[in-house]
Amino acid sequence: MDKVRSLEDAAAIVNDGATIGVGGLSMNGAPMAFVRELIRREARDLTVVAIVSSMAVDWLVAAGCVRKVVTGLVSFEGFGLAPNFRRAAQAGDIEVEEYSEHLLICRLQAAAYRLPFVPTKAGIGTDVLDLHPDTTRLERDSATGELYVACTPLPLDVGIVHAHEADRLGNVRVNPKLIWMDSDIVRAAAATIVTVERMADHATFVAAPEHTTYPRFTVDAVVEVPWGAYPTSLFPEYSHDAGFYQAYLAATREPEQWSHFWKSRVGAPETQGEFLEANGGAETILSIRQGT
Amino acid sequence: MDKVRSLEDAAAIVNDGATIGVGGLSMNGAPMAFVRELIRREARDLTVVAIVSSMAVDWLVAAGCVRKVVTGLVSFEGFGLAPNFRRAAQAGDIEVEEYSEHLLICRLQAAAYRLPFVPTKAGIGTDVLDLHPDTTRLERDSATGELYVACTPLPLDVGIVHAHEADRLGNVRVNPKLIWMDSDIVRAAAATIVTVERMADHATFVAAPEHTTYPRFTVDAVVEVPWGAYPTSLFPEYSHDAGFYQAYLAATREPEQWSHFWKSRVGAPETQGEFLEANGGAETILSIRQGT
Amino acid sequence: MSIPVPGADCTVDELMVVTLAREFTNDTRAFNGAVSFIPVCAYLLARRTHAPDLVWAASSIAVDADPDRLAESTLSDAIWTGASMLSNSPFDFWAYAQGARYNTFAFRGAQMDRYGNVNNTVIGPYDDPKVRLPGGGGMADLGGMIPNVYLWSTTHNDRTFVEQLDFRSGLGWGDGGDHRRELGFSGGPQLCVTNLCVMDFHPESRAMRLRSVHPGVTAADVQDATGFGVLLPDDGSVPDTALPTETELRILRDEVDPTSMRLREFV
Amino acid sequence: MSIPVPGADCTVDELMVVTLAREFTNDTRAFNGAVSFIPVCAYLLARRTHAPDLVWAASSIAVDADPDRLAESTLSDAIWTGASMLSNSPFDFWAYAQGARYNTFAFRGAQMDRYGNVNNTVIGPYDDPKVRLPGGGGMADLGGMIPNVYLWSTTHNDRTFVEQLDFRSGLGWGDGGDHRRELGFSGGPQLCVTNLCVMDFHPESRAMRLRSVHPGVTAADVQDATGFGVLLPDDGSVPDTALPTETELRILRDEVDPTSMRLREFV
């Protein structure tokens, strides 16, 4: 079965009101081209699950796509706070359901493993558990009296991750290997969309089966989008674009500037090529490209 | 810190009465040279945890090293039942604490993750849970009423696995990748011993860090033993020796034959070279060797 | 040992494989354990005939493996050729199994009961066994986790098919009726294919029910060889098991298992 | 922004790094999160001086990384050079963290209290925040799981060191005394290194206690800049923080962080 889809067709899988999981970690490996497509089609009322995020959540919030963010962390690291996330949370425009990283991982694993909960010691002694006592229940082991936290399932309607290569059948390779928590998103999702830098022949998967990351039966749609994680990084191929983060943050400080920046550099470009062109084109590509 | 040890020195880490975890799965990838060293030094009263085993458990039982076997399965697959394991269990010479594979994995994970238990749906509806209601507790989720099994920690004194390559610092590479459940043994063990086919330069780990399987801080001793999984297989380098399994099984059917077979082909050879020589030497090596 | 099917150009092992293969579809996502030649042949045959999208993970590890021939162990890497993924047991396999990403598993036991529960642990009492068997392995895990369970046996007699298991190593329909669902599991055993017949499970009681007998075998023969009462189809008539086509036989013999490793299950 | 230490040939960032580095040993097995330049410099410095066997996983991923220089993000793969293992987050990292195979972690918060608990979630009420901060990330996990916790701050003032956190994102010594142990965790915060001083924790109350002040800073200065009462050492005298050696400074400046990325924490 051919799982190759256009960005448009894949984005149509995400209904308004859906709970989506977005891969990547902070400034690394987020499916940004797909996020931009959601923005362009004006997705609404999404619940966005992102374990550790930066630009992906900030864009979706800026575009008004989001009702609730379920997360451990949303930041621009040393560049500053995620500006739209911060503003919307402070204004009450979005709900923020904060977890720690491992509490969120355990909730996704409970969904993936069809268990009523997955236990962890994460969060014990903090205020995080009190935010959602039904989904992170503090309990005592009946035999030892030890405290643990029972993390209930967090099923995702759609999981979206970015990777290096896929074949038409939906086998996906993260190259050189899976590093961040994307597999927990893939496994907890009813439908999984993977954007990839490039399509690869099925024969290349057979030639190196130890490098296959997601088998075809866990993937529903594959979309080829070169530089699809831009402006976040994709190890080891390209780094995040520090210039974009800085310009974006600067623009949010000036309301007039912001609307121009947002439209010209994020919202308006039709294709991935036009988007990259609007953000420095070849110069940018060459500046973030890394040796492999 | 240099973690390279001789087989003798590494085997001395295993005290009589210890609980040891033995890696591999059925006829694949068991640390047989190390098992033989335990036999030669007449280890006694061991509790042997082996998720799915064949010759490793049968040898240790044959040599009288074992008090208890904690396992999901011990068999010679299509060749027949594991003869010494079977005889000793029927005679009451050893205790067999049977789990399913996943119950055992969860118990090892509970130890590795320092949790009071790890939940699974494994074993529900079978008689396996009744064998050890304290370590595989059938419980109901307080919120949903769903049944689950709480698997309590099974800490190992020593974990022993076989792999392809290590450096002197104790970094270990399973090449092309970790396939079986050995990592659960390594993580649940207070001390881990890894036998490897060959030592490799530290620089080779730095050159391909995505292939490192166990980092040095999880490994206590590294022993170089070529063909160290023989007569089980090591993917993709060599297959199990069907001839050994067959001759072994045939020998157990004839008490006089058995004592000769056991001594000449397992117990007596001093070195790994003598052991391989006693089992067909170069002819055997060439017959089980596989293309890589 | 190859046993001919009377009046047909095939043998019992071939009939069993083909019968099982026809149950599988493009939605079948299967894997296999030890000594599982019959279902492994069936997955490969289904994939090469009517179900090209079927997923089979050889030895539970090698996804979409496409070996030229089988080997003496169904856990051997010798059957991993052509795989598009080598998965990892704790991280990948058990995630897919628990999540029902794999939905199909087949097992056999030294003993089986009417509800498709199996014993591979002991004959006699657990603490003082007459025969210590290998152990349940993954049966106690996968019998429940996986919704589509298939059973097979090459030794259909009243020592294999018993009124009461000495030990329940793997779950089928449990105590029958709604028991399996009450335990929290979906699906259940779909079919039991033996050297004598094909049995399904009554939709309410979940007891084994004769679906067809192999050519030359009667319903009475099956009952004689079974330690519990086998249900008959509602209309009382038991058809013969449908025979393999020439194409199925050719593919099985020439492509799937040219060295007849499946006969290792008939000893 | 580099702040000179009066009467010494070094700057405050260097003093902080060196102080922290001296705490680490060959048994330290550490990793780091985002914006963690001070501890990352300290791990690398310790490894290049007195603790060659120290383990540091860059970005929690790249074990034994040995970068020529740091990058603008401590989660960036630019600092993974020379690693002997690229580990995987759900399968490897969380197993090592839960199992205390990693035993050392350092974090900072927008707010910290006397017991070394930290807030990085909100200023003001959670549901109506004055400032929405990034979130606790792994703090709520690792503050408890990891026995040796180190705190640092480059903004020692009474908005950072507060009597009462607005939100407890990460656990230190909890409510003090035996509270952390009662919650099931071993160890606890060992040290808090700031731009003004070094504090440890009283062995019974577990409250912050002045261990040393940086040259030119007095105990009174520290108290003025702290929103809770800081304990003094038992003998009442507060020494100056020991200065870096020339070797430490040279290695830090020339080898560990030649492009002074650590100054990104002083803005």
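Chain identifiers are assigned alphabetically (A, B, ...) following the order of the sequence lines, protein sequences preceding nucleic acid strands; residue numbering begins at 1 within each chain. Note that this is a predicted model, so its numbers are computed, not measured.
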Enclosure of Arg253(C) CZ (heavy-atom neighbours >12, cutoff 6.0 Å):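 Above 12, so yes.
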Taking atom CG of Asp68(C) as the centre, does the number of heavy atoms from other residues, nucleotides or ligands within less than 6.0 Å exceed 12?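 At most 12 heavy atoms, drawn from other residues, nucleotides or ligands, come within 6.0 Å of this atom.
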In terms of heavy-atom proximity below 4.5 Å to chain A, should [X] be classed as side chain, backbone, both, or neither?
X        : result
Arg29(C) : side chain
Asn88(C) : neither
Ala62(C) : neither
Val55(C) : both
Phe91(C) : both

Residue pair Ala83(C) / Pro209(A): nearest heavy atoms and the distance that separates them: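 So the two residues come closest at O-CB, 3.4 Å.
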Shortest non-hydrogen separation from Ala189(A) to Arg101(C) and the atoms involved: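 Reported closest heavy-atom pair: O-NH2, 3.1 Å.
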Is [X] in contact with chain C via its backbone, its side chain, both, or neither, using a 4.5 Å heavy-atom distance?
X         : answer
Val172(A) : neither
Thr204(A) : neither
Arg173(A) : neither
His211(A) : neither

Heaviest contributor of heavy-atom pairs below 4.5 Å to chain A, chosen from Gly184(C), Ser87(C), Ala100(C), is Ala100(C)
Using a 4.5 angstrom heavy-atom cutoff, name the option from Asn26(C), Asp53(C), Thr81(C) with the most pairs to chain A. Asp53(C)
Please check this pair: side chain of Ser84(C) against backbone of Phe205(A), looking for a donor-acceptor N/O pair closer than 3.5 Å. no
Which value, rounded to the nearest 0.5 Å, describes the distance between Gln98(C) atom CD and Leu115(A) atom CG?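 Answer rounded to 0.5 Å: 5.5 Å.
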Can you find a heavy atom in the side chain of Phe217(A) that is under 4.5 Å from one in the side chain of Val63(C)? yes
Are any non-hydrogen side-chain atoms of Arg187(A) and Tyr96(C) less than 4.5 angstrom apart? yes
